[in-house]
There are 2 protein chains.
Amino acid sequence: MLSQKARYALRAMMVLAEAAPGTPTMTGELATRAVVPKKFLEQILLALKAAGLVFSTRGRSGGYALAAPTDKIDFAAIVRAIDGPLALAPCASRTAYRRCDDCLDVETCDIRRALIEVRDATATILEGRTLAEALQLRRRKIKAA
Amino acid sequence: MLSQKARYALRAMMVLAEAAPGTPTMTGELATRAVVPKKFLEQILLALKAAGLVFSTRGRSGGYALAAPTDKIDFAAIVRAIDGPLALAPCASRTAYRRCDDCLDVETCDIRRALIEVRDATATILEGRTLAEALQLRRRKIKAA
DNA sequence: TTAATCTCTATTGAATTGATAGAGTTGATA
DNA sequence: TATCAACTCTATCAATTCAATAGAGATTAA
């Protein structure tokens, strides 16, 4: 399961994606629009910033904005920034591979093989789903209704 | 990520899969062979039993054995028995659907759509990977070496 | 009857999660 | 240049989960 924090992050990024590129949205407004506790959102935004997904403008009339066009930011990057690797085990991660503490033999591990397949499938889906695409799908859905 | 408990469970089930069908393996031996703390393994086996994946024989010369042929037990069932739904959010689960506490609109949720794709891909892979198949792959690998 | 086994519940310590608090820094603007 | 609204950072908190251990009880083959 994703953490609550990661789901908040996804929602907040979707809200930022709706804003005009480059124009900052302040944390307070973002918290309201994404329905996230403000002080908690601050921490989330700091993490997203550390991951290079957003940038901030300090001082009065400051706020946060996406660090890249909406078609360059995908769900996978957001989830990784908050919850870490997508894989179901450290040994199945490609972005953060680590031998499991109690792994007996990495090469012949039957479980690992399956977990790698899962992580690849997950990554393909989440890396293919950008903010731009998600926005577009939503607009199409609203139009159809 | 899977819990340590789930990874222990997968290992233990693989060991049980190697045993002759119907003949019980006692917890102590299983703990040694799967390299899992014995008392912790007991809890895991109880959960697997509650899920109907193994059955137990009590008393002297008792133990645990698979409740079905190795080709009828897949990784998905084992993971679900220990860690719960495969999905990344309650609202993306098919076996245990539940609306997210703070979900705004289930129908138009852009995030949910992606998470459902992930859960379907994950389920397809893990439901397709049975104990029998995993054993067979391992034997092939050992032969090749 | 006994000893070996599973069964069940409780407890523990550490880590994580979700959230709040507050002092500090920055910078546009009046 | 003073001010105030914004971001920044670290600490703290309660609740929960995780990983593991402990021990008393029930069951059954020998």
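Residue numbers start from 1 in every chain, and the chains themselves are labelled A, B, ... in the order their sequence lines are given, proteins ahead of strands. As a basis for the values below, the full set of heavy atoms in this structure was taken, side chains included, without hydrogen atoms, waters or symmetry mates. Predicted model, so just to flag it, every value in this text is computed and none were measured.
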Quick one: do [X] and [Y] make a salt bridge, cutoff under 4.0 Å?
X: A/Arg33; Y: A/Glu29; result: yes
X: B/Asp74; Y: B/Arg129; result: no
X: B/Arg80; Y: B/Glu127; result: yes

Of the nucleotides [options], which one has an atom closest to the side chain of [X]?
X: A/Arg60; options: D/dT8, D/dC4, C/dA19; answer: D/dC4
X: B/Ser3; options: C/dA28, D/dA19, C/dG18; answer: D/dA19
X: B/Met26; options: C/dA19, C/dT5, D/dA20; answer: C/dT5
X: B/Gln4; options: D/dC7, C/dT7, D/dA20; answer: D/dA20
X: B/Glu42; options: C/dT20, D/dC9, D/dG23; answer: D/dG23
X: B/Ser61; options: D/dA29, D/dA19, C/dA19; answer: D/dA29

Mind checking [X] for me? I need base, sugar-phosphate or nothing, with any heavy atom below 4.0 Å counting as a touch.
X: B/Gly62; answer: sugar-phosphate
X: A/Lys49; answer: sugar-phosphate
X: A/Gly63; answer: sugar-phosphate
X: A/Phe55; answer: nothing

Exercise. Hey, mind stepping through B/Tyr8 and B/Phe40 against ring pair (Phe, Tyr, Trp, His ring centres under 6.0 Å) and telling me if it holds?
Worked result: CA-CA 9 Å; B/Tyr8 282 160; B/Phe40 198 25; 5.8 Å; yes
Exercise. If each of A/Thr57 and A/Leu41 is mapped to the nucleotide of DNA chain C with the nearest heavy atom, which maps nearer the 5' terminus, i.e. the 5' end?
Worked result: A/Leu41
Interatomic distance where [atom1] belongs to [X] and [atom2] belongs to [N] [whole Å]:
X: A/Ile44; N: D/dT8; atom1: CD1; atom2: P; result: 14 Å
X: A/Asp83; N: C/dT17; atom1: CG; atom2: C1'; result: 11 Å
X: A/Arg11; N: C/dG18; atom1: CZ; atom2: C1'; result: 14 Å
X: B/Leu2; N: D/dA19; atom1: CG; atom2: C1'; result: 15 Å
X: A/Lys39; N: D/dA6; atom1: NZ; atom2: P; result: 13 Å
X: B/Asp101; N: C/dT17; atom1: CG; atom2: C1'; result: 14 Å
X: A/Leu46; N: D/dA6; atom1: CG; atom2: P; result: 17 Å
X: A/Phe40; N: C/dA21; atom1: CZ; atom2: C1'; result: 15 Å

Looking at [X], I'd like to know whether one of its side-chain N or O atoms comes within less than 4.0 Å of OP1 or OP2 on [N].
X: A/Ser56; N: D/dC7; result: no
X: B/Tyr8; N: D/dA20; result: yes
X: B/Tyr64; N: C/dT5; result: no

Exercise. Would you say the side chain of A/Arg58 and the base of D/dT8 hold a donor-acceptor pair, judged only by whether the two atoms sit under 3.5 Å apart?
Worked result: no
Exercise. Do A/Gln43 side-chain and C/dT17 base share a donor-acceptor contact under 3.5 Å?
Worked result: no
Seminar exercise, completed: For A/Met1, the hydrophobic cluster (side chain heavy atoms closer than 4.5 Å, chained through members) also holds none
For this session: Using distance alone, with no hydrogens and no angle criterion, decide if B/Asp71 and B/Thr130 have a side-chain donor and acceptor under 3.5 Å apart.
Result: no
